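Labels below follow one simple rule: chain letters A, B, ... track the order of the sequence lines, proteins then strands, and each chain is numbered from 1. Since we're looking at a predicted model, the values are computed, not measured.
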Amino acid sequence: MILRLSNLFVRTLRDDPADAELPGHTAMVRAGYIRRAGSGMHTWLPLGPLVYRKVEAIVREEMDRMGAQEVHFPALLPREPYELSGRWEEYGATLFRLQDRRGNDHLLAPTHEEMFTLLVKDLYSSYKDLPLSLYQIQIKYRDEARPRAGLLRAREFVMKDSYSFDVDDEGLEASYQQHRDAYIATFDRLGLHYVIVSAMSGAMGGSRSEEFLCPTPVGEDTFVRSPGGYAANVEAVVTPVPDPLSYDDVPVAHVEDTPDTPTIETLVAFANEHFPRGDRHWEAADTLKNVVVMLRYLEGGRTPLVVGVPGDRDVDTKRLQAQVEPAVVEPFTDEDFAAHPALVKGYIGPQVLGEDSASGIRYLVDPRVVEGTRWVTGANRHGHHVFDLVCGRDFTPDGTVEAAEVLDGDPAPDGSGPLELARGIEIGHIFQLGRKYADALALQVLDQHGKLVTVTMGSYGIGVSRAVAAIAETTVDELGLCWPRQVAPADVHVVNAGKGEDTGAAAEELAAGLDAAGVDVVLDDRAKLSPGVRFKDAELLGVPTIVIVGKRLVDGVVEVKDRRTGEREDVAVAEALDHLIAVCRS
RNA sequence: CGGGAUGUAGCGCAGCUUGGUUAGCGCGCCUCGUUCGGGACGAGGAGGCCGCCGGUUCGAAUCCGGCCAUCCCGACCA
């Protein structure tokens, strides 16, 4: 294939588009791979699909290799299956809903669990048919609250989603492992760096879930890693529990007048001024911060929950949310405070909390709050705090919860060193669904004893368009795009940098030779352009090997430049073809 | 959803405060000529519902009101 810039449908931009912020996205727009069509929607120009299709092909090959079979559902679906699974309601505002001319509800699918489940239910009814893995590569729709970062968080995007079906947990584990191996092979081939992080704490019945994150500062997901190789989603970090402390010599708890100290900061400052410690200053970590939230349950109803964390940390809503699922964490409003007079805003303390207390309000604390720890905390009276309140002596929480934010330097749960917070792009997610959808949609098969058993499922996703973006973001440099060869739109970019007909003819001949050898070529055969423009465009487009046919042609050489390293070498014209073919196949 | 901003040619922007010729600049595009190894130069061109609706006014890109859209920060995000 020879792409001639003289007629390729592309126009490179000299200025950065105003609405692009990430370097890779900016370069893709400037180089003419994609354009914004609307918020979270993108048009692909000819260069874009050349990259996209190579990514897609690698994903497809690895799925086929592991034995998954490709199917294809509509992106537009009727309401009914989602009604049956409960997700018509559950999915909320993120679901694109629309009506047909008869007023019937439809949706643009954000993911296809229901359809896969129902399809298998329609066709299969025996354990002999399993295990089975099906996949599709499909446009997905999510009405994101805030689309951003170009292809990374779009409202229309392409995802490979697959689902495994097994009769038992051992089968599911095997299918999961197959997908995990296939994903490793896929991302290795794509040239994407990744870390595999545990995405759940295991509090949800032991089902496994792991995310493939591509580490980059522009990523939207936060994860942690340790020097010893531990890596996890922040939601999954388990806090090591300290040993209990002796509290024999801790004075009796005493309430003090602490006016105008509704925040940890004001409290610490006040305590240091009026109740100085003998040994050191009071610190935020000496205080116990009690945060009250409302839990809303799917089946209806709201109950308050108070979470106690050391005062130097905030409650991480995402971590808390992961712990209380399927309940939803909601803010505690002023009306809620009015309805629960035991809770004094800014001065909440454990003495009035607990399921066995008068208030009956559930009280969970950070795992660091162990027996014997002494705290400065709210006295449940406006302007008052209690000092030397000892856990296990003066109060007993209902339990612990992993809700405190994870901080840089916290110890890894497996003892592999201090955690480092890092950012990444979620490029893949593998998940043991279990029987959620099989139960909801009655997917059962007969086992070898003739008994009906509910199938257990896994779901596995790779963001294909997002992977393109992730590659761009992690390879782009100050000159432009810099594609890995296996996904580049072409192998060689031939620049005719001369002014005479001789360089033009030599460039044509070289391009034709490469094409005949099966090497894809971008040929800059545009007329009347200064060499500088051609060089800039070649670098912006990001084809891995650039050949300059120019002033050195009179010496019988062309220049071969590696886009990534910038290294140039002179190659005799007579050897250029063989040299380039070797470079592209190495 | 909270906060902040923006909407003027394909792209990037000025003009608006203080209303008044034919709405301007750079890039890109067309023609001619000169250039030709790091986004060349000259001359001449094409291209605009100034986001939409309404109001004020003799007159609105400019002032006022409403709406819509988009972007950024945050919240949210299997």
Exercise. If you pin A:R36 and A:V549 to their nearest nucleotides in RNA chain B, which one's is more 5'?
Worked result: A:V549
Exercise. Are A:E559 and A:R552 ion-paired here, with the side-chain N under 4.0 Å from a carboxylate O?
Worked result: no
Exercise. Under 4.0 Å between a Lys/Arg side-chain N and an Asp/Glu carboxylate O for A:R155 and A:E144?
Worked result: no
Exercise. Do A:Y460 and A:Y135 have ring centroids that are under 6.0 Å from one another?
Worked result: no
Quick one: [X] [atom1] to [N] [atom2], roughly how many Å, whole number?
X	N	atom1	atom2	value
A:D537	B:G28	CG	C1'	12 Å
A:L22	B:C72	CG	C1'	12 Å
A:K561	B:G37	NZ	P	16 Å
A:D143	B:C1	CG	P	11 Å

Exercise. Tell me the side-chain hydrogen bond (donor to acceptor under 3.5 Å, both in side chains) pairs involving residues 30-39 of chain A, sequence neighbours left out?
Worked result: A:D19-A:R36, A:Y33-A:W483
In whole Å, what separates the [atom1] atom of [N] from that of [M]?
N	M	atom1	result
B:C11	B:G48	P	14 Å
B:C41	B:A46	P	22 Å
B:A9	B:A23	P	14 Å
B:U6	B:A78	P	34 Å
B:U22	B:C50	C1'	15 Å
B:A40	B:C16	C1'	36 Å

Would you check if there is a donor-acceptor pair between the side chains of [Y] and [X] at a distance under 3.5 Å?
X	Y	answer
A:E173	A:S175	no
A:S162	A:H179	yes
A:D537	A:T12	yes
A:E156	A:Y141	yes
A:Y82	A:E89	no
A:N496	A:T503	yes

Polar pairs (N or O, both sides) under 3.5 Å between protein and nucleotides 41-48 of chain B?
none

For this session: Choose from B:U70, B:C27, B:G37 the nucleotide whose nearest atom is closest to any side-chain atom of A:R14.
Result: B:C27
Between the protein and nucleotides 10-12 of chain B, list the N/O to N/O atom pairs that are separated by less than 3.5 angstrom.
from, atom 1, to, atom 2, distance (Å)
B:G12, OP1, A:A18, N, 3.0

Collect all protein-nucleotide pairs involving nucleotides 29-33 of chain B in which both atoms are nitrogen or oxygen and the distance is under 3.5 Å.
none

For this session: State whether A:S530 places a side-chain N or O below 4.0 Å from either non-bridging phosphate oxygen (OP1 or OP2) of B:C36.
Result: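 For A:S530, the contact criterion (side-chain N or O under 4.0 Å from OP1 or OP2 of B:C36) is not met.
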Exercise. What distance separates A:L192 CG from A:T216 OG1, expressed to the nearest 0.5 Å?
Worked result: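 These two atoms lie 10.5 Å from each other.
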For this session: Any chance you could measure A:E405, atom CD, to A:D366, atom CG, to the nearest 0.5 Å?
Result: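 These two atoms lie 10.5 Å from each other.
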Problem set entry | Sidechain-backbone polar pair: A:H25 side chain, A:A469 backbone, donor-acceptor under 3.5 Å |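 No; zero donor-acceptor contacts below 3.5 Å.
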Problem set entry | Donor-acceptor contact present, side-chain A:D555 to main-chain A:V557, <3.5 Å | no
Problem set entry | nucleotides 73-78 of chain B: protein proximity per nucleotide (B base, S sugar-phosphate only, - neither; heavy atom, under 4.0 Å) | BBBBBB
Exercise. Among A:E569, A:E539, A:H493, which residue meets the side-chain hydrogen bond (donor to acceptor under 3.5 Å, both in side chains) test with A:K561?
Worked result: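 For A:K561, the side-chain hydrogen bond (donor to acceptor under 3.5 Å, both in side chains) check succeeds only for A:E539.
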Exercise. Would you say the base of B:G39 and the side-chain of A:R526 have a donor-acceptor pair closer than 3.5 Å?
Worked result: no
Problem set entry | Under 3.5 Å donor-acceptor pair, A:E539 side-chain atoms to B:G39 base atoms | no
For this session: Look at the aromatic rings of A:F73 and A:H112 and report parallel, tilted or perpendicular, splitting at 30° and 60°.
Result: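 It falls in the parallel class, under 30°.
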For this session: Hey, can you tell me if A:F116 and A:Y163 have their rings parallel, tilted or perpendicular (30° and 60° cut-offs)?
Result: tilted
For this session: Anything below 3.5 Å on both distances counts as a pair; with that, list the stems of at least three consecutive Watson-Crick or G-U pairs involving RNA chain B.
Result: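 Runs of three or more consecutive pairs: B:1-7 with B:68-74, B:10-13 with B:24-27, B:29-34 with B:40-45, B:51-55 with B:63-67.
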